[in-house]
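Below is one structure, written out as structure tokens; comments come after it.
One-based numbering along the sequence shown. Scope of the values below: all heavy atoms of this structure, side chains included, with no hydrogens, waters or symmetry mates.
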Amino acid sequence: AQRHAEELLRRGVLANNPNLPVDMGENIKDFHGEVENITRVLEQMVREMVYEDQEADWGNKRNILNPDYTELLVGVAFTETEVYLVLDFK
């Protein structure tokens, strides 16, 4: 998850990891703007995955609430103006 977050930041694109095994789920989210407090930005990003996930057809929320996933891998890469968050579920 961390390597993928760093790759997204480096490339400046938001894209799922094509090498992820088919039995895993993945949530990705980006933020562009001034990053004054990384913790608050990450909290907002996760909140949006659960409560404002219409663009992803609620798939991010389904991954977070899926009881079949018992492990979570987290990747975060950021600068002063960009944040990329990757959540991989196993």
What donor-acceptor contacts under 3.5 angstrom involve side-chain atoms of residues 66-87, with partners at least two apart or in another chain?
unit_1	atom_1	unit_2	atom_2	d
Asn66	OD1	Asp68	N	2.7
Tyr69	OH	Gly25	N	3.3
Thr79	OG1	Thr81	N	3.1
Thr79	OG1	Glu82	N	3.1

Side-chain donor-acceptor contacts of residues 31-41 below 3.5 Å, not counting sequence neighbours, with atom names and distances?
unit_1	atom_1	unit_2	atom_2	d
His32	NE2	Asp30	OD2	3.0
Asn37	OD1	Thr39	N	3.0
Asn37	OD1	Arg40	N	3.1

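Between Asn60 and Met49, the closest heavy-atom pair is CB-O, 3.7 Å. Looking at every heavy atom in both residues, Trp58 comes nearest to Val50 through CZ3-O, 3.5 Å.
Atoms CG and CG, on Asn17 and Asp88 in that order, are 6.5 Å from each other to the nearest 0.5 Å. Of the inter-residue distances, the one linking Ile28 atom CD1 with Met45 atom CE reads 10.0 Å to the nearest 0.5 angstrom. Distance check, rounded to the nearest 0.5 Å: NZ of Lys61 to CD of Gln54 gives 9.5 Å. Between atom NZ of residue Lys29 and atom CZ of residue Arg47 there is a gap of 11.5 Å, rounded to the nearest 0.5 Å.
More than 12 heavy atoms of other shown residues, nucleotides or ligands fall within 6.0 angstrom of atom CZ in Arg62.
Remark: Glu7 engages Arg10 in a side-chain hydrogen bond (donor to acceptor under 3.5 Å, both in side chains) (not counting sequence neighbours).
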How far apart are the C-alpha atoms of Asn16 and Glu26, what are their side-chain angles, what is the distance that settles it, and do they pass the side chain to side chain donor-acceptor pair (under 3.5 Å) test?
CA-CA 7 Å; Asn16 285 101; Glu26 181 173 63; 3.1 Å; yes
